[in-house]
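Below: the structure, in structure tokens.
As a basis for the values below, the full set of heavy atoms in this structure was taken, side chains included, without hydrogen atoms, waters or symmetry mates. All figures in this text were calculated on a predicted structure; none of them were measured in a lab. Note on naming: letters A, B, ... go to the chains in the order of the sequence lines (proteins, then strands), and numbering restarts at 1 for each one.
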Amino acid sequence: MKTTYFSSILLVSSIFLLFACSEKEPTATPQPRGGEIKVHLNHTVNGKTAERDQFLYMTEAGDSFQVTLLQYYLSNFEFHSPETGWKKMDKYQLIRLNEAGTHDFTIKDMPFGAYDSVRFYVGLDSATNHDIDKEADLDPGNEMVWTWNTGYIFYMFEGKFIDNNDVVVPFAYHIGMDAYLMKYEMPIQSVKTLSTSATQADLELQLEIDQIFRSPNLIELNTIAPVSHTFDEPALTTLLKDNLLDAFTAK
Amino acid sequence: MKKSLYILIGTAILSFWLQSCSPDDPPAPEEGPTQLSLEIPDNWPKPNLLAENQLTVEGVALGRKLFYDKMLSGNGTQACADCHNQGAGFTDVQKKFSTGSEGLVGTRNAMPLFNLNWSHGYFWDGRQPTLESLIQEPMEAHNEMNLEIETAVTRLQDDPEYPALFQKAFPGQGITTTTLRFAIAQFLRTIISGGDTKWDQYFAANRLNPEKLMTAQEARGYLAFISEEKGDCFHCHNPLSPLLNNTSDREFANNGLDAQPDSGRIKATGNPNDLGKFKTPSLRNLSFTGPYMHDGRFETLDQVLEHYNSGFKYSATIDAVLIKHADKDNNYAPIPRLTQQDKDDIIAFLKLLDDETMLTNPKWSKP
């Protein structure tokens, strides 16, 4: 009797032992039910990998220019596959051209499927845009906020150009405000299939930086304001935004 | 017999379980210096500390003593504190340039020393990556303390007091160029100004509209400071950052002081785009830290404001924020935009950032 009593204590404590730490030490690896897409941003000017701080480039209109700074938010990713339809993923990322570490990020917990199209925003949805008490990528200390009332800067692009009098002039185009949120939808050039045997896929997003001055609106740097913060130059910002809508491809 | 065996096994299992599930328990206390955690105001970003140089009570106390010790200058007449005076926000009292221990005059305005944990480069041109690496420069410079750091180490080793203090702060490491630099850096890292000012109180209470708590003039000044049409100051002096500076792309900027800049951050990076760029300073404690700019060229805040209004000069590396207020058809000369009232208002706002308690806080005074 006594023996069984102690045996049961032993049994109970062993079971306890087995389960007590189960959070940290899973007993069996479960079958994956989803995969992940690793996104890489590739920034180009005139078809070549973008380099900063040197007069290497010409705009379509013939202005010599250089890139000194580029940073922007990507958010609201949705992926399409025949199996899943459009699937919205909760992910946003602040990309800084000057920090290679921000050019790669992973979208986790993707259901299996053959993904053939992607949607995303450059910028932040209205709710996020007007609630700036945030941390990490959305921390206002990232210098991606104007004031407390207008919200975040979605796309911050700065550089220098040489004007008609051969003077080097800095430019800064900061695009933000709800009305200028840039919404993208495009095919993925090579379909990304996630399945039990392939739980990871690489997606390359290419941003052609010079497209901002190219088409459909041909922009001559000499004739526009060198600095815009969106609300002070609404007409110019619309031109820049329309050009940027053609600036990304997904591979 | 059997019973005690079961008890033994049971206890073993239980204790195994207890151990295996408590990885977060604090390790057994070790002998050695006492860890010190910084008192950082709420909602500030994480400080950039150096992992190899953990702050300790003993290390900070030693660093403080060294900071005030004239023994660290060649002829024993000057301490760090002589150019970085607590009563002047740790600057050189009202001096454009400082005079070194040998009477030689420098070429830069002594910088205020507070909130240094939130910088990514030190000195006006950011040439030093860490505080620990910086210390040697002022000690050895001929127009500052003029003492080789190795000689300083020997002097300290021969001193009756210092060997025991270093032993307490850096057990078993002795007095070396490293422990000397580390101790002073530890002290500098504890100097934090913020939380106590009116600005910090208003900001904590109403982050979105702190102006609602200000006087009419301060509120006008704040709104001008953050407006693109008026002050347009916030791109470089971000009110959302602890230092009221910029900790990313405009941490070093060209604010148009010279038409032909010949130095600046380029000295540290070699990048021609960094010509004429200097560290964007904190706007805290301006009432105590004048004169202003890297060469102390402005004596008053009114002169600083007039510079941004009508005095900035075009050069190829001038910041775009200023070009916005320049006349394209007149060689990018400034287009004045601030009235005397605007300037006075902005200055009234800036005074909200004065932290009187820092000037007398006994933690940082001469030990």
Glu99(A), part contacting chain B, at a heavy-atom distance under 4.5 Å: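 Contact with chain B: none, neither part.
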Interface moiety of Asn164(A) toward chain B, non-hydrogen atoms closer than 4.5 Å: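 For Asn164(A), no heavy atom lies under 4.5 Å from chain B.
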Within 6.0 Å of CG in Asp90(A), more than 12 heavy atoms from elsewhere: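 Atom CG in Asp90(A) is not packed in, count stays at 12 or less.
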Other residues, nucleotides, ligands: >12 heavy atoms within 6.0 Å of Lys198(B) NZ: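 No, because the 6.0 Å sphere around NZ of Lys198(B) holds 12 heavy atoms or fewer from other groups.
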Contact winner vs chain B - Val169(A), Asn98(A), Thr68(A), Asn165(A), heavy-atom pairs under 4.5 Å: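 Of Val169(A), Asn98(A), Thr68(A), Asn165(A), Val169(A) has the most heavy-atom pairs under 4.5 Å with chain B.
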With a 4.5 Å limit on heavy-atom distance, are the side chains of [X] and [Y] in contact?
| X | Y | value |
| --- | --- | --- |
| Glu158(A) | Asp249(B) | no |
| His174(A) | Glu228(B) | no |
| Ile318(B) | Pro170(A) | yes |

Winner by heavy-atom pair count (cut-off under 4.5 Å) against chain A, out of Asp274(B), Asn271(B), Asp319(B): Asn271(B)
Residue Asn331(B) versus chain A: region with a heavy atom under 4.5 Å: neither
Leu322(B) portion near chain A, given a 4.5 angstrom heavy-atom threshold: neither
Shortest non-hydrogen separation from Ala172(A) to Ala320(B) and the atoms involved: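 Looking at all heavy atoms of both residues, the closest pair is CB-CB, 3.7 Å.
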Heavy-atom pair with the smallest gap, counting every atom of Thr317(B) and Lys160(A):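 Closest heavy-atom pair between Thr317(B) and Lys160(A): CA-NZ, 3.7 Å.
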Intermediate values then yes/no, salt bridge (charged side-chain N to carboxylate O under 4.0 Å, His left out), Lys328(B) and Asp163(A): CA-CA 10 Å; Lys328(B) 193 173 169 175; Asp163(A) 79 1; over 6 Å; no
Close approach to chain B in residues 38-58 of chain A, criterion heavy atom under 4.5 Å: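 The list, in residue order, reads Asp53(A).
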